Amino acid sequence: MSEFNNEFLKEAIRLSEENITAKTGGPFGAVIVKDGVIISEGTNIVTSANDPTAHSEIQAIRAAAKSLNTFNLSGCEIYSSCEPCPMCLAAIYWARIDKLYYANNRTDAANIGFDDEHFYNELNLPTNKKKIIMEQHGSEEALNVFKKWNEMEDKIKY
């Protein structure tokens, strides 16, 4: 794993500024690096794509996975213009990215109207206390599918 490279962080920040100039989304940019080379980039295109999941880190992960033809981004690092929100942080974990570097923190983001604190708080609540009403139904049928998956010998684990 390589050491922090300020040029990669500057590129993520440049992308975030370019994104607001183009008015394609919020002030966020990210790049993914493997073996000292940028392999993908992403900007926040939530408003232009009408996609609430189109954050810069998610976009960069999608592009890196496509470029490397794998869902496992072990050996990669991500540089982000801002500390990732809970969704993006979870995606970084799911992608198996080894290291995260970021510029602005979540307090900086909250100060300009991107406050994720309620998400952090919600995630820690028991299911029956969450803002979104959650009910479980059909678990027997769904468990049968899980059993089939568990018994498959040729499944691709992730």
Side-chain angles (χ1 to χ4, degrees), residues 1-6 8-20 22-34 38-68 70-139 142 145-146 149 156-158:
M1 192 60 36
S2 59
E3 295 295 316
F4 169 75
N5 183 318
N6 196 48
F8 297 144
L9 189 60
K10 282 183 178 180
E11 179 61 11
I13 295 167
R14 185 194 69 74
L15 287 167
S16 72
E17 184 172 18
E18 182 180 275
N19 200 52
I20 63 168
K23 298 185 182 221
T24 50
F28 305 100
V31 297
I32 294 182
V33 175
K34 184 172 178 80
I38 293 175
I39 61 164
S40 72
E41 61 183 43
T43 58
N44 177 295
I45 58 169
V46 168
T47 56
S48 60
N50 292 318
D51 180 353
T53 69
H55 291 197
S56 61
E57 297 89 348
I58 301 288
Q59 297 300 100
I61 289 168
R62 289 173 178 160
K66 185 174 183 176
S67 172
L68 296 175
T70 182
F71 54 83
N72 186 331
L73 300 180
S74 296
C76 293
E77 302 168 328
I78 188 166
Y79 288 76
S80 180
S81 65
C82 188
E83 180 179 1
C85 73
M87 175 185 70
C88 292
L89 185 57
I92 290 166
Y93 275 104
W94 274 113
R96 312 291 194 278
I97 292 173
D98 295 336
K99 198 157 191 181
L100 161 67
Y101 299 102
Y102 61 89
N104 294 320
N105 64 32
R106 66 193 206 193
T107 302
D108 299 324
N111 289 338
I112 63 162
F114 294 95
D115 191 355
D116 296 333
E117 199 59 37
H118 61 281
F119 294 119
Y120 287 103
N121 293 335
E122 279 282 313
L123 291 171
N124 290 321
L125 292 174
T127 302
N128 65 343
K129 301 283 186 193
K130 292 187 188 301
K131 183 178 178 180
I132 295 176
I133 297 168
M134 300 172 73
E135 297 180 1
Q136 183 181 15
H137 300 277
S139 67
V145 177
F146 274 13
W149 166 262
I156 299 172
K157 292 185 178 183
Y158 62 96

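On a predicted model such as this, the values are computed, not experimentally measured, just so you know.
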Donor-acceptor check, side chain of [X] to backbone of [Y], threshold 3.5 angstrom: yes or no?
| X | Y | answer |
| --- | --- | --- |
| S48 | T24 | yes |
| K99 | E77 | no |
| R14 | A12 | no |
| N124 | N121 | no |
| N19 | G26 | yes |

Regarding N44 and S56, do their side chains bring together a donor and an acceptor under 3.5 Å, going by distance alone?
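S56 and N44 do not have a side-chain donor-acceptor pair below 3.5 Å.
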Are S74 and N72 close enough that a side-chain donor and a side-chain acceptor fall under 3.5 Å?
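Side chains of S74 and N72: pair found under 3.5 Å.
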How far apart are the closest heavy atoms of [X] and [Y], and which atoms are they?
| X | Y | result |
| --- | --- | --- |
| L9 | S80 | CD1-O, 3.4 Å |
| I58 | C88 | CG1-SG, 3.8 Å |
| A60 | S40 | O-OG, 2.8 Å |
| P86 | L123 | CB-CD1, 3.7 Å |

side-chain contact (heavy atoms from CB on, under 4.5 Å) assessment of Y102 paired with L100
CA-CA 7 Å; Y102 61 89; L100 161 67; 4.2 Å; yes
With side-chain contact (heavy atoms from CB on, under 4.5 Å) as the criterion, how do L15 and Q59 come out once you've worked through the C-alpha distance, each side chain's angles and the decisive distance to 0.1 Å?
CA-CA 12 Å; L15 287 167; Q59 297 300 100; over 6 Å; no
For the residue pair [X] and [Y], establish whether any side-chain heavy-atom pair is separated by less than 4.5 Å.
| X | Y | answer |
| --- | --- | --- |
| I45 | D51 | no |
| R106 | D116 | no |
| P27 | N104 | no |
| E57 | I78 | yes |
| F71 | I156 | yes |

K10, NZ: over 12 other non-hydrogen atoms inside 6.0 angstrom:
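Count not over threshold, so no.
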F4 atom CZ, over 12 foreign heavy atoms within 6.0 Å
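Above 12, so yes.
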Taking the six-membered ring for Trp, are W149 and Y158 parallel (under 30°), tilted (30 to 60°) or perpendicular (over 60°)?
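If you compare the ring of W149 with that of Y158, the planes turn out perpendicular.
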Could you tell me which residues satisfy ring-ring contact (aromatic ring centres under 6.0 Å, His included) with F8, sequence neighbours excluded, listed by chain and number?
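Checked F8 against ring-ring contact (aromatic ring centres under 6.0 Å, His included); matches are Y79.
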Output all residues satisfying ring-ring contact (aromatic ring centres under 6.0 Å, His included) with Y120, sequence neighbours left out; order by chain, then residue number.
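If we apply the ring-ring contact (aromatic ring centres under 6.0 Å, His included) test to Y120, skipping adjacent residues, there are no hits.
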Worked verdict on F28 versus H55 for side-chain contact (heavy atoms from CB on, under 4.5 Å)
CA-CA 8 Å; F28 305 100; H55 291 197; over 6 Å; no
For C76 and L68, run side-chain contact (heavy atoms from CB on, under 4.5 Å): C-alpha distance rounded to whole Å, both residues' side-chain angles, the deciding distance at 0.1 Å, then the answer.
CA-CA 11 Å; C76 293; L68 296 175; 4.1 Å; yes
Once salt bridge (charged side-chain N to carboxylate O under 4.0 Å, His left out) is applied, do any residues pair with E17, and if so which ones, sequence neighbours excluded?
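For E17, no residue satisfies salt bridge (charged side-chain N to carboxylate O under 4.0 Å, His left out) once neighbours in sequence are set aside.
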